[in-house]
Amino acid sequence: QVQLVESGGGLVHPGGSLRLSCAASDSLDYDAIAWFRQAPGKEREGVGCIGRSDDGGKTAYADSVKGRFTISRDDIKNTVYLQMNGLKPEDTAVYYCATDRRPYGCVLAESIYSSWGQGTQVTVSS
């Protein structure tokens, strides 16, 4: 099973930006990748996902982050990124990446993702 390591979290002021990375121990060529987050006292929720590059790397986002967050992938580096702009206090959470081996598109459904990283903390506060 592929190992995933998230990085790039930290403390940022409202309106600021962060870029999270999800580095894989093996090729991600055949996987859709998703980002999820879990805030204190809340259930984990989907943030966005990206399909395989040979399927056009289609993306999907939760309504709460559309227009602010962007997912991209670098298959040569086996890494997926989550660019977060216009951060809000409600974006504070532990962010996780996960993989789903599927040929087309991506789905923001936690149960279908098989490999998960350990998470990285993002805190948005003044």
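- Partners of Ser114 under the side chain to side chain donor-acceptor pair (under 3.5 Å) rule, at least two apart in sequence or in another chain, do not exist in this structure.
- Thr59 is linked by a side chain to side chain contact (heavy atoms under 4.5 Å, CB included) to Ile50, Tyr61, counting only residues two or more places apart in sequence or in another chain.
- Of the candidates Val124, Leu20, Val47, Leu20 is the only one forming a side chain to side chain contact (heavy atoms under 4.5 Å, CB included) with Met84.
- Counting heavy atoms from C-beta on, the side chains of Val94 and Thr120 never come closer than 4.5 Å.
- Note that CG of Asp29 is 7.0 Å distant from CG of Asn78, once rounded to the nearest 0.5 Å.
- Here the closest non-hydrogen pair linking Leu108 and Gly46 is CD2-CA, 3.9 Å.
- Applying the salt bridge (charged side-chain N to carboxylate O under 4.0 Å, His left out) test to pairs two or more places apart or on separate chains, those with a residue in residues 92-101 are Asp31-Arg101, Asp100-Arg102.
- In terms of the side chain to side chain contact (heavy atoms under 4.5 Å, CB included) criterion, residue partners of Gln3 (sequence neighbours excluded) are, by chain and number, Ser25.
- Applying the side chain to side chain contact (heavy atoms under 4.5 Å, CB included) rule to Lys58 yields the partners Asp55; only residues at least two apart in sequence or on another chain are considered.
- A pairwise comparison of heavy atoms in Gln1 and Ser115 identifies CG-OG, 2.9 Å as the closest pair.
- Expressed to the nearest 0.5 Å, how far CG of Leu82 lies from OG of Ser72 amounts to 8.5 Å.
- Evaluation of the ring pair (Phe, Tyr, Trp, His ring centres under 6.0 Å) test over residues 27-50, restricted to residues two or more places apart or in two chains, returns Phe36-Tyr113, Phe36-Trp116.
- Residues Ser125 and Pro89 are not in side-chain contact: their nearest non-hydrogen atoms beyond the backbone lie 4.5 Å or more apart.
- With rounding to the nearest 0.5 Å, the separation of CG in Leu87 from OG1 in Thr92 is 8.5 Å.
- A distance of 11.5 Å separates CD of Gln83 from CD1 of Ile71, quoted to the nearest 0.5 Å.
- Applying the side chain to side chain donor-acceptor pair (under 3.5 Å) test to pairs two or more places apart or on separate chains, those with a residue in residues 9-21 are Ser17-Asn85.
- Asp54 is linked by a side chain to side chain contact (heavy atoms under 4.5 Å, CB included) to Arg52, counting only residues two or more places apart in sequence or in another chain.
- Of the possible polar contacts, one joining the Thr79 side chain to the Lys77 backbone as a donor-acceptor pair under 3.5 Å is found.
- Pairs engaging residues 79-109 under the ring pair (Phe, Tyr, Trp, His ring centres under 6.0 Å) rule: none recorded [sequence neighbours left out].
- Sorted by first then second residue, the disulfide bond (SG atoms under 2.5 Å apart) pairs that include residues 33-90, not counting sequence neighbours, are Cys49-Cys106.
- Here salt bridge (charged side-chain N to carboxylate O under 4.0 Å, His left out) pairs that include residues 33-48, with residues two or more places apart or in two chains, are Arg37-Glu45, Arg37-Asp91, Arg44-Glu110.
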Could you list the donor-acceptor pairs under 3.5 angstrom formed by side chains in residues 5-12, with sequence neighbours left out?
| residue | atom | partner | partner atom | Å |
| --- | --- | --- | --- | --- |
| Glu6 | OE1 | Gln118 | N | 3.0 |
| Glu6 | OE1 | Gly119 | N | 2.8 |
| Glu6 | OE2 | Cys97 | N | 2.8 |
| Glu6 | OE2 | Gly119 | N | 3.4 |

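- The two residues Gly51 and Arg73 make their nearest non-hydrogen contact at O-NH1, 2.7 Å.
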